[in-house]
Protein chains: 2
Amino acid sequence: MGKKRSSGSPDDLSTQEKIKEAARQVFTRKGYAATRTRDIAEEAGINLALLNYYFRSKERLFHEIMLEKMQQLFGHIVPVLLTPGTTLEHKVEQLVALYMEMLTANPDLPLFVLSEIRNHPDQFASTFKVGDLLRHSDFIRQLQARRPDIHPLHFLMNLMSMTLFPFIVMPVFKAIELVDDAHFHAMMQERKTLIPMWIESMLKTR
Amino acid sequence: MGKKRSSGSPDDLSTQEKIKEAARQVFTRKGYAATRTRDIAEEAGINLALLNYYFRSKERLFHEIMLEKMQQLFGHIVPVLLTPGTTLEHKVEQLVALYMEMLTANPDLPLFVLSEIRNHPDQFASTFKVGDLLRHSDFIRQLQARRPDIHPLHFLMNLMSMTLFPFIVMPVFKAIELVDDAHFHAMMQERKTLIPMWIESMLKTR
DNA sequence: GTCTATAACCTGATAGAC
DNA sequence: GTCTATCAGGTTATAGAC
């Protein structure tokens, strides 16, 4: 029985996993360019050289984390949109609830992923070629059936906007003292039921 | 008559202004941390030393650009929200039209400003303390009159979300080949009239 | 596997000639 | 004002001892 892989206890992770966890935190907090490998090593409680021993370079480590985070932010959306046999309303409710829960636990995930995708344009371009998959999804079909007069992407955009954007703009709202943390979380809880209601009302408006 | 300040002709800007313009482009495209002063100098067609001659450091130059960009992104919103004597609908239409026009010309403005505010938390925190100003604005009062049961910030959040977020997520949508440039611009044009309609329908939904 | 020490490189900023 | 050359400091990555 080696000293690694005792996957339950709090501080007893393998060194590799300690580094990854530190990288997750530092990268998402400061972004790739502003992160120094020393920060990650310090946060992980290990030496700098170990980082290069396990992962060959800063960029490779970042790449691993980035794929994880993209999966975390976008991975859950596709299965829901593709699921046949559920109503449009149900899909919307499920997506909003899913995102609100995940974003409350990871508030800076969207800003991190979206800005890093912009900063490394082609590096992550073809990672998920889900364009066609989405275009022929059950969700899009249902939207088109309800509103043939409006491009279905508008509604998907609205759903994502109203759900994700608050977490992106939150730093500003807090900076100008428009909300505090408690206030913000309360609002996000309210939005879990409000957003599906609003989407529904948009679909009805003629 | 010195050789500077002939403010009309295309390439005849003062050196200082050439550097600022280059900084605007490079900073907004790559962010503060990923930008090298050499990039800016090259983009401006001047020498690196000149950058430090006119602006004392990378950080000071960035600070100037950042204030400009924050003003550009948020400065227009407050006057509209405060204006008395116009209907709620009119304010919404005006805001959406204003943003759509400005963002079409500067698509990467929102992602830049929002991520840099996060990266420099306190540096730009107290720059615009418009929290109180907003809370007592005509706009908020009108929202409260229409829907005393829902916090007015929800509607402001929705307005900003549906307007700004598409420009933030656009790089992703293009990467997964869900839209191309032409398609995206067409959608944004449609949203100029759709968003006010949707906001109106949200206000009516009970 | 983990550490210390250091190499190799890059970046912001300045000195000094013109 | 503008340039070339260079410094000082910091950063990634590796060599080599344990």
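Computation of the quantities below employed the complete heavy-atom set of this structure, encompassing side-chain atoms and omitting hydrogens, waters and symmetry-equivalent molecules. On a predicted model such as this, the values are computed, not experimentally measured, just so you know.
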- Message: Between B/Gln142 and B/Thr86 (side chain of the first, backbone of the second, donor and acceptor by atom type, cut-off under 3.5 Å), is there such a pair?
- Response: yes
- Any Lys/Arg nitrogen of A/Arg24 or A/Glu43 sitting under 4.0 Å from an Asp/Glu carboxylate oxygen of the other? no
- Task: Check the distance between C/dT11's P and B/Lys30's NZ and give it to me in whole angstrom.
- Result: 9 Å
- With a 4.0 Å cut-off, would you call A/Glu68 and A/Lys20 a salt bridge? yes
- Query: Would you say the side-chain atoms of A/Asn106 pair up with the backbone N or O of A/Met102, donor to acceptor, closer than 3.5 Å?
  - Reply: yes
Table of protein N/O atoms under 3.5 Å from nucleotides 12-15 of chain C N/O atoms:
| unit_1 | atom_1 | unit_2 | atom_2 | d |
| --- | --- | --- | --- | --- |
| C/dG12 | OP1 | B/Thr35 | O | 3.3 |
| C/dG12 | OP1 | B/Lys58 | NZ | 3.2 |
| C/dG12 | OP2 | B/Thr37 | N | 2.9 |
| C/dG12 | OP2 | B/Thr37 | OG1 | 2.8 |
| C/dG12 | N7 | B/Arg38 | NH1 | 2.9 |
| C/dG12 | O6 | B/Arg38 | NH2 | 3.3 |
| C/dA13 | OP2 | B/Lys58 | N | 2.7 |

- Task: Using the ring of A/Tyr32 (Phe, Tyr or Trp, six-membered ring only), decide whether A/Lys58 places NZ or CZ under 6.0 Å from its centre and within 45 degrees of its axis.
- Result: yes
